[in-house]
Amino acid sequence: MKSILVGISALAGLAQVAFSQQTLWGQCGGIGWTGPTTCVSGACCTYSNPYYSQCLSGSCNPGGGQTTTVATTTTTRAGTTSTTTASSSGSTVLSPGCGRSATLTSGTKSMTVNGKTRQYILRVPNNYDPNKPYKLIFGLHWLGGTMTDVATGQTVQRDVWSYYGLQQLAGETAIFVAPQGLNNGWGNSGGEDVTFVDQMISTIEAGLCVNQRQRFATGFSYGGAMSYSLACSRANVFRAVAVLSGGLLSGCSGGNDPIAYLAIHGIRDSTLNIGGGRTLRDRFVRNNGCASLSPAEPSQGSLTHIKTSYSCRAGYPVTWIAFDAGHIAAPRDGSTSDSGSLTFSPKETWSFFSQFN
């Protein structure tokens, strides 16, 4: 009888271990995670970022390392072909929503963050495939702008300028998010806007298939400031940011880690001076181990732009584009006004994001 009880106890113990294992693609770690931390046979708990580890098939990769190579870069002027080239051989990390029926669709969404109701517009690709990992791109609005302005592009050129012109260039390869800031801005008091972004990522990636190594953020003016804040505090969550005429308005918690960084700024910007944009840029020039440069900038009245690509640590490029105009979101050569269809900004941003495949 005693041996039978011992056997039953052993089986119960084994059952408890088995039931505590996470299934393939399930979460197995991260800040605040209290669920299973081991995976079923054939899967390994793989680190993605401090907030999420996932059970993936194949050999274990606890450090979540990524091998990336970037060629030497040079300064180029408008109208020339850039010599910047980059390639990434890092593995795809699937979100919990991969391999499952989508639980989210395009439209306006709401959530509660720190006791406040927050909203965002979600754009899911047509013919969404739950087995295909998509890029996740955040478009952050300017002061006085709205999530609708970003999602529709209606203030510059409707549809062509949706999500800062990136939706048209992405085709159906990316999931887009346009969050709404409090009081139409990104004050980020106590980090509440960063927390909002954290919760959006968690919700979206639980319901849709996202490549967690392909998260990006961009924005103009206050939206650029918020993108910069994410670069500072979530460099290990986002792969790259594009700061369009931004400033230090939303804070910079942390700010010591490398992240791929693109900045576009007007030399005649009287709202957020280009000197501030240079200071933001230089933080990531240092963080990314870039060689020191004094980037050329266009002269006033030239109505051109100059692009400088720094030589940096592999996988963490920094690109600086200065243009001859003021505080505008869609600059183009030969003009000082916004132009959604002729601006170089979307193509530069999309090219910068697309190098990380």
Side-chain angles (χ1 to χ4, degrees), residues 73-85 137 139-145 149-171 218-225 227-228 240-247 261-281 293-310 317-355:
T73 58
T74 61
T75 301
T76 57
R77 291 183 177 269
T80 64
T81 302
S82 171
T83 61
T84 303
T85 58
I137 302 177
L140 299 149
H141 64 75
W142 50 95
L143 179 62
D149 291 335
V150 171
T152 64
Q154 62 188 20
T155 59
V156 177
Q157 187 168 352
R158 191 174 181 87
D159 298 329
V160 171
W161 190 243
S162 296
Y163 295 96
Y164 292 103
L166 299 182
Q167 181 184 328
Q168 185 180 60
L169 294 174
T218 188
F220 166 67
S221 193
Y222 220 152
S227 298
Y228 177 77
V241 299
V243 176
L244 312 180
S245 300
Y261 189 87
L262 166 67
I264 303 176
H265 214 115
I267 65 169
R268 290 192 257 174
D269 194 329
S270 60
T271 302
L272 292 173
N273 188 274
I274 191 171
R278 296 183 193 116
T279 299
L280 304 189
R281 172 204 69 198
L293 283 177
S294 295
E297 294 176 355
S299 59
Q300 188 167 324
S302 65
L303 299 181
T304 61
H305 72 279
I306 296 178
K307 173 182 175 180
T308 300
S309 296
Y310 286 75
V318 172
T319 296
W320 171 252
I321 300 176
F323 61 89
D324 179 29
H327 194 66
I328 58 175
R332 68 182 177 93
D333 291 338
S335 175
T336 58
S337 61
D338 283 301
S339 177
S341 62
L342 299 176
T343 178
F344 55 80
S345 180
K347 290 182 180 178
E348 290 289 355
T349 301
W350 180 248
S351 176
F352 191 79
F353 288 172
S354 296
Q355 66 184 300

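Every value quoted in this text rests on a predicted model; they were computed, and no experiment measured them.
When every heavy atom of Val150 is checked against every heavy atom of Gly139, the shortest pair comes out as CG1-O, 3.6 Å. Here the closest heavy-atom approach between residue Phe353 and residue Val241 is recorded as CE2-C, 3.9 Å. Smallest separation of non-hydrogen atoms from Tyr228 and Val243: N-CG2, 4.0 Å.
Remark: the backbone N or O of His265 is not paired with any side-chain donor or acceptor of Ser245 at under 3.5 angstrom. Side chain of Thr319 to backbone of Leu262: no donor-acceptor contact under 3.5 angstrom is found. The closest donor-acceptor contact from the side chain of Thr279 to the backbone of Gly275 lies under 3.5 Å. One N or O on the side chain of Tyr164 and one on the backbone of Leu140 form a donor-acceptor pair closer than 3.5 Å. Under the 3.5 Å distance criterion, the side-chain polar atoms of Ser302 are left unmatched by any main-chain donor or acceptor of Pro298. Side-chain atoms of Asp338 come within 3.5 Å of backbone atoms of Ala329 as a donor-acceptor pair (strictly under, hydrogens ignored). At distances below 3.5 Å, at least one donor-acceptor pair connects side-chain atoms of Ser227 with backbone N or O atoms of Gly223.
Within the 4.5 Å cutoff, no side-chain heavy atoms of Trp350 are placed close to those of Gln355. Put simply, the side chain of Arg281 reaches to within 4.5 Å of the side chain of Pro295, judged on heavy atoms. Contact check for Thr218 versus Leu166: side-chain heavy atoms found under the 4.5 Å cut-off. With a 4.5 Å cut-off on side-chain heavy atoms, His141 and Tyr222 do not count as touching. Contact annotation: the side chain of Leu244 approaches that of Ser345 to within less than 4.5 Å [non-hydrogen atoms, C-beta and beyond]. A heavy-atom distance below 4.5 Å is not found between the side chains of Pro346 and Tyr163. Counting heavy atoms from C-beta outward, Phe323 and Ile267 have side chains that stay 4.5 Å or more apart. At least one side-chain heavy atom of Lys307 sits under 4.5 Å from a side-chain heavy atom of Ile321.
A search for side-chain hydrogen bond (donor to acceptor under 3.5 Å, both in side chains) contacts involving Thr349 returns nothing, not counting sequence neighbours.
Inspection of the Trp320 and Glu297 side chains reveals an N or O donor paired with an N or O acceptor under 3.5 Å. Side-chain contact of Asp324 with His305: a donor-acceptor pair under 3.5 Å is absent, judged by distance alone.
Taken from OG in Ser335 to CZ in Arg332, the straight-line distance is 4.0 Å, to the nearest 0.5 Å.
The aromatic ring centres of Phe220 and His327 sit less than 6.0 Å apart.
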